[in-house]
Amino acid sequence: MPELPEVETVRRSLEPQVLEQTILEADVYYGGIIKAPDPHTFCDRIKGRRVKSVLRRGKYLIFTLDLSTMLVIHLRMTGQLLVCGREAPLKKHTHLVFRLSGGQELRFIDIRKFGLVYLVENNDMSAVKGLHTLGPEPLAEDFTWGGLAEKLKKRRGALKAFLLDQSQIAGIGNIYADEILFQAGLHPERKPQDLKPQEVKNLYAAIRFKLQEGIDFRGTSIRDYIDAKGEKGSFQNRLQVYDRAGRPCMRCGQILKKKVIAGRGSVYCPNCQT
DNA sequence: ACAATATCCTGCGAGC
DNA sequence: TGCTCGCAGGATATTG
């Protein structure tokens, strides 16, 4: 499940391989993942564009191209971006292939077809659903403890749902939400409004620490996730609660519980998280 | 106004 | 062995 650390790892492994390369041709095998414009127009307009940078915003990857165009890709659940040689056999579920001037190919693979691809003109990001309503980047300097406290004060419902809401904070998904809550010692069903200042501080620190740790270990390869070189991350070896329901808590030994919260499987320690 | 649920999709493991 | 079933979850659409 690519979340902020996985998407950032893809970005870092991708950028040096595609920078200043020209997209010679795009081959579409499954047009359904291209959201705008229609696949035919998409291929027509991306042809000849040169990659100027690869950026990340939340879980979105943004390829800035020349002539004020941008390629925006969201990996959703099972999306993969791979740079490989032209001779490499096409993996199953390859939906889109960009032939690059350097002789390599950039391929988009997505088992479940949830991924999203947009070609944007005039740098008009408002054409991409969800991108312009994203909350702050949690690892950027403008994401502050005070700002988080303000948002929490206005929020009802479960704390876990707040963490998963991309318009509140960009980039957190189910795995890191559970890990952050464990790190902060907070129960996923706590009411955001009720958090004491010290608990907000702990949550803020846990968000920054766990996402940075995820990047440092190159992401969580628990099912399908690999980076643009096909390499797995190792954060799955450091998970403390996610995918560990029924096993003992690493801190206190009590059995970890699993419950559906905010529509997502949520694992937590009933003793350490209050 | 907000929260819970259904939806898209495929692979995998459990159970029979 | 081979079938069905439930589950995994990002984000939007729909229902409550």
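First the proteins, then the strands, lettered A, B, ... as listed; each starts at 1. Bear in mind the structure is a predicted one, so any value in this text is a computation, not a measurement.
In this structure, A:Leu131 atom CG and C:dT12 atom C1' are separated by 15 Å, rounded to whole Å. Rounded to whole Å, atom C1' of B:dA1 lies 8 Å from atom CZ of A:Arg156. The interatomic distance linking A:Tyr242 (OH) with C:dG10 (C1') rounds to 12 Å, in whole Å. The nearest whole Å value for the distance from the CZ atom in A:Arg244 to the P atom in C:dA8 is 17 Å. Between A:Ile33 atom CD1 and C:dG10 atom P the separation is 19 Å, expressed in whole Å. To the nearest angstrom, P of C:dT12 lies 9 Å from CG of A:Leu134. The distance between atom CZ of A:Arg264 and atom C1' of C:dA11, rounded to the nearest whole Å, is 8 Å. When the C1' atom of C:dT12 is taken as reference, atom CD of A:Gln166 falls 12 Å away, rounded to whole Å.
The aromatic ring of A:Phe114 sits over the base of C:dG10, with ring centres less than 5.5 Å apart and planes inclined by under 30°.
Comparing B:dA1 with C:dA11, their P atoms sit 25 Å apart, to the nearest whole Å.
Residue A:Ile111 places its side chain closer to B:dG11 than to any other of C:dA13, C:dG10, B:dG11.
Using a 4.0 Å heavy-atom distance criterion, A:Met77 is classed as a base contact. Across all strands, A:Arg76 comes closer than 4.0 Å to base atoms (heavy-atom distances). A:Lys92 comes within 4.0 angstrom of sugar-phosphate atoms only, judged by non-hydrogen atoms across all strands, and of no base. Among the atoms of the strands shown, only primed sugar atoms or phosphate atoms (P, OP1, OP2) are found under 4.0 Å from some heavy atom of A:Gly130.
Comparing A:Ala262 and A:Lys154 along DNA chain B, the residue whose closest nucleotide (by nearest heavy atom) sits nearer the 5' end is A:Lys154. Place A:Gly157 and A:Tyr30 on DNA chain B by their nearest nucleotides, and A:Gly157 ends up nearer the 5' end.
Of the side-chain N and O atoms in A:His93, none sit less than 4.0 angstrom from OP1 or OP2 of B:dC9. For A:His74, a side-chain nitrogen or oxygen approaches OP1 or OP2 of C:dA11 to under 4.0 Å. Contact check, A:Lys129 against C:dT12: no side-chain N or O comes under 4.0 Å of OP1 or OP2. The shortest distance between the side-chain N/O atoms of A:Lys258 and the OP1/OP2 oxygens of C:dA8 is below 4.0 Å.
The distance from atom OH of A:Tyr176 to atom CD of A:Gln183, rounded to the nearest 0.5 Å, is 13.0 Å.
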I'd like to know whether A:Tyr204 forms a ring-ring contact (aromatic ring centres under 6.0 Å, His included) with A:Phe143, so could you lay out the CA-CA distance, the side-chain angles of the two residues, the decisive distance to 0.1 Å, and finally the verdict. CA-CA 9 Å; A:Tyr204 175 78; A:Phe143 179 67; 5.3 Å; yes
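With A:Tyr225 as the aromatic partner, A:Arg218 does not meet the cation-pi criteria of under 6.0 angstrom to the ring centre and within 45 degrees of the ring axis.
Other residues, nucleotides and ligands place no more than 12 heavy atoms under 6.0 Å from the CZ atom of A:Arg156. Shown here is A:Glu20, whose CD atom has more than 12 heavy atoms of other residues, nucleotides or ligands within 6.0 Å.
Annotation: A:Tyr60 is in aromatic contact with A:His74 [ring centroid separation under 6.0 Å].
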